[in-house]
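This report concerns only the one structure given below.
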Amino acid sequence: MLKARGRMAPVTFHAPGPHWPATVAEAEAEQDRLRPLADLDSPGPAEVGLVAGLDVGYLDDDEVVGAVVVLDAASLAVVERAVVRQRASFPYVPGLFAFRELPPLLAALDKLSVRPDLLVCDGYGLAHPRRFGLACHLGVLTGLPTIGVAKTPFVGEHAEPPPARGAWSAIRLDGEVVGRALRTREGVKPVFVSQGHGVGLDNACAHILRLSPAYRIPEPIRQADHLSRHP
DNA sequence: GCGACAG
DNA sequence: ATCTTGTCGC
């Protein structure tokens, strides 16, 4: 007899449960355990149909708002939005950012009725003290290609990229290239792009540039940021 | 020891 | 992240 079951959610994940880390040591161990599972070698899709931007907003009393906005990659038209409000399950600790933002983001992703081809995260991926930032973590948990885009530098060193839109400079950490400072608007401060999962750095930057036709911040993240502030 | 530190 | 005025420029 067939097992009765409802529609499978288009994006599934390991929901934060009893195994969710409660201490810094546990969280760091979890990053070390998952790091080998991140795909940093695939060039990734050069073209995508649906792109999702993700961001988390903060309310009083340790409440967080996870927001996801799915856009048509070609037109940048909004296809679907999802928001969730919940209690924060981890404090903000630089380097362990994912454990604070992952729960609301996964919950929001789970509400989608479509499956994005690419996730653009607000934060870092490979450019991380243990090479496993939010974008890598989200990619491993969902299995979807991810890119990390941060607004401020976090680790490593980088030169000031030339002023033209599209110009970039490498972010180096311990002699390795872990990302790029990418200029998405002429004469405006660059954004910091790093690999998450299943997308190469060249492709990641090409996607971010196309997704930022008018503003410094890529459209998917701008939309998600707006939604996280106006649930 | 002290400062810095994605959001 | 969030608390916050005015100002310069497209």
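Heavy-atom basis, side chains included; hydrogens, waters and symmetry copies ignored.
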Original post:
Quick one: do the A/H128 and A/R131 side chains pair a donor with an acceptor below 3.5 Å?
Top reply: no

Original post:
Between A/F132 and A/H137, how do the two ring planes meet: parallel, tilted or perpendicular, split at 30° and 60°?
Top reply: tilted

Original post:
In whole Å, what is the span from the CG atom of A/L59 to the C1' atom of C/dA1?
Top reply: 11 Å

**OP:** For A/H230 and C/dT2, give me the distance from atom NE2 to atom P, rounded to whole Å.
**Re:** 10 Å

Original post:
Below 4.0 angstrom from OP1 or OP2 of C/dT2, is there any side-chain N or O of A/R229?
Top reply: yes

Original post:
Just the dot-bracket of DNA chain B, please: which string comes out with Watson-Crick or G-U pairs under 3.5 Å, [ ] for crossing, | for another strand?
Top reply: .......

Subject >> Side-chain donor or acceptor of A/H197 paired with backbone N/O of A/D39 under 3.5 Å >> reply: yes

Original post:
So what does A/G148 touch, heavy atoms closer than 4.0 Å: a base, only the sugar-phosphate, or nothing?
Top reply: nothing

Original post:
Judged by atom type as modelled, is there a donor-acceptor pair below 3.5 Å linking the side chain of A/S169 to the main-chain atoms of A/H158?
Top reply: no

**OP:** Mark yes or no for whether A/N203, through its side chain, and A/P43, through its backbone, hold a donor-acceptor pair below 3.5 Å.
**Re:** yes

Original post:
At under 4.0 Å between heavy atoms, what does A/Y58 touch on the DNA or RNA strands: base, sugar-phosphate, or nothing?
Top reply: sugar-phosphate

Original post:
Checking A/R216 side chain against A/P190 main chain: does a donor-acceptor pair fall under 3.5 Å?
Top reply: yes

Subject >> Length of the line joining A/E186:CD and C/dC10:C1', which is rounded to integer Å >> reply: 13 Å

Original post:
Got a minute to check which stems DNA chain C is part of, using Watson-Crick or G-U wobble pairs under 3.5 Å, three or more consecutive?
Top reply: none

**OP:** Please work out if A/P153 contacts a base, only the sugar-phosphate, or nothing of the nucleic acid, heavy-atom cut-off 4.0 Å.
**Re:** sugar-phosphate

**OP:** Answer yes when A/D225 and A/R222 have at least one side-chain N-carboxylate O distance shorter than 4.0 Å, and no when they do not.
**Re:** no

**OP:** Check whether any side-chain N or O of A/R183 sits under 3.5 Å from a backbone N or O of A/P161 as a donor-acceptor pair, and report yes or no.
**Re:** yes

**OP:** Tell me, please, the opening and closing nucleotides of DNA chain B, 5' to 3', among those with an atom under 4.0 angstrom from a non-hydrogen atom of chain A.
**Re:** B/dC5 to B/dG7

Original post:
What does A/L96 touch in the nucleic acid at a heavy-atom separation under 4.0 angstrom: a base, only the sugar-phosphate, or nothing?
Top reply: base

Original post:
With distance as the sole test, does A/D117 use its side chain to make a donor-acceptor pair with the main-chain N or O of A/V48 at under 3.5 Å?
Top reply: no

**OP:** Output yes when a side-chain donor or acceptor of A/E80 lies under 3.5 Å from a complementary backbone atom of A/S113, and no otherwise.
**Re:** yes

**OP:** Could you tell me whether a side-chain N or O of A/R165 sits under 3.5 Å from a main-chain N or O of A/T184, the two making a donor and an acceptor?
**Re:** yes

